[in-house]
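Order of appearance sets the numbers: ligands from 1, and atoms from 1 within every ligand. What you are looking at is a predicted structure, and each value in this text was computed from that prediction instead of being measured.
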Amino acid sequence: MSPLVEVRDLKKHFPITRGVLARVSGQVHAVDGVSFHIGRGETLGLVGESGCGKSTVGRTVLKLLPPTSGRIFVDGADITDLDAARMFPYREKMQMIYQDPYASLNPRMTAGDIVGEPLIIHRSTAREERKERVARLFERVGLRPELMSSYPHEFSGGQRQRISIARALALDPELIIGDEPVSALDVSIQAQIINLLMDLQDEYRLSYLFVAHDLAVVEHISHRVAVMYLGRIVELTDKTSLFEMPLHPYTEALLSAVPVPKARAKRRKRTILTGDVPSPIKPPPGCHFHTRCRYAMPRCRQEAPALREVQPGHWAACHLHDGGVRFPLGHRS
Ligand code: SF4
């Protein structure tokens, strides 16, 4: 069976223009050849520092941004070149939840109208039927239906994200892309929203692309995790392998900043990630990570490592593993 979503060698470059003639003087390589798939009922976590291109991946998969190159398949169908009219049925299948629910909810609409709006646009559902459906969605995400006539500013941050989730669920989607959906919330509220998303996944067999900058957040919800650095995926594997035995030095550095139980911490050497992510306008040659990597070799400055399956189901883009898995990275020393 084909995966629900498959992305092949996706690139998204943004031109930089200068002068009154808007001459193109460069390109921002936001996404630079990314491939992955998401199965039905599966959550793929997509993590990396701010500016690594992870949010752009989410928006490009949904075709909110046109891809520069590469292919996007949904249910085995190539949607890359579909125009707005032919994308319409796919818009129902694929929904998005944003980081800041307040900014993404229309402040002049009631919460009930916000949740019911997709039913007007896509289904022309009659008023009473729509009201009934919205009330059920409110209950399902843990909001009292009486709140349907309230406005976004009358809700807390966590409640507003519940409204966003109810709206995303209105059309019975198969894929939800969460763009840092819990990053703006308090830790205790984050856990509630993640638990809600996991319950909904079990109930409706939803697939998620869960974008976050924090590995601790994706650990709980993800089945597999892809780590992005400067527009490329540098490691991709199941959650347990990633957290127990990261194969890429960047993942190792990200993990060393995640609070862990004492037993696991004993096996881990702390790696401080110094410096900022280099500019995606002029990424470093060779391995993009070589300017910050404590294992960098002369070869890393010239030759970009390919994302290879180093162990079954465990992909990494690092010259350290060219002859097979090289132990130890610092986390096992
Ligand atoms: Fe570090 Fe080289 Fe591996 Fe890049 S290829 S992560 S610079 S060791």
Response to the item:
Cys293 heavy atoms within 4.0 Å reach ligand 1 at atoms 1 (Fe), 6 (S), 7 (S), 8 (S)
Item to complete: Starting from atom 5 (S) of ligand 1, locate the nearest protein heavy atom and write down its residue, its atom name and how far away it is, to 0.1 Å.
Response: His319 N, 3.3 Å
Worksheet item: Does NZ or CZ of Lys239 lie under 6.0 Å from the centre of the six-membered ring of Phe243, at an angle within 45° of the ring axis?
Response: no
Worksheet item: Does any N, O or S atom in His248 come within less than 2.8 Å of atom 3 (Fe) of ligand 1?
Response: no
Worksheet item: Hey, which atoms in ligand 1 end up nearer than 4.0 Å to a heavy atom of Cys287?
Response: 4 (Fe), 5 (S), 6 (S), 7 (S)
Worksheet item: Of all heavy-atom pairs between Ser25 and Arg18, which one has the smallest distance, and what is that distance?
Response: OG-CG, 3.4 Å
Worksheet item: Between atom CD of Gln190 and atom CD of Gln161, what is the distance when rounded to the nearest 0.5 Å?
Response: 11.0 Å
Worksheet item: Just one of Val61, Ile233, Thr56 clears the side-chain contact (heavy atoms from CB on, under 4.5 Å) bar with Val34, so which one?
Response: Ile233
Worksheet item: Short check: any N/O/S atom of Cys300 below 2.8 Å from atom 2 (Fe) of ligand 1?
Response: yes
Worksheet item: Does Lys93 come within less than 4.0 Å of Asp75, counting only side-chain N to carboxylate O?
Response: yes
Worksheet item: Which of the atoms in ligand 1, numbered in the order shown and given with their element, are less than 4.0 Å from a heavy-atom of Pro249?
Response: 6 (S)
Worksheet item: Taking NZ, NE, NH1 and NH2 as the nitrogens, is one of them in Arg133 or Glu128 under 4.0 Å from a carboxylate oxygen of the other?
Response: no
Practice prompt. Could you tell me the residue and atom name of the protein heavy atom closest to atom 3 (Fe) of ligand 1, and the distance to it rounded to 0.1 Å?
Written response: Cys318 SG, 2.3 Å
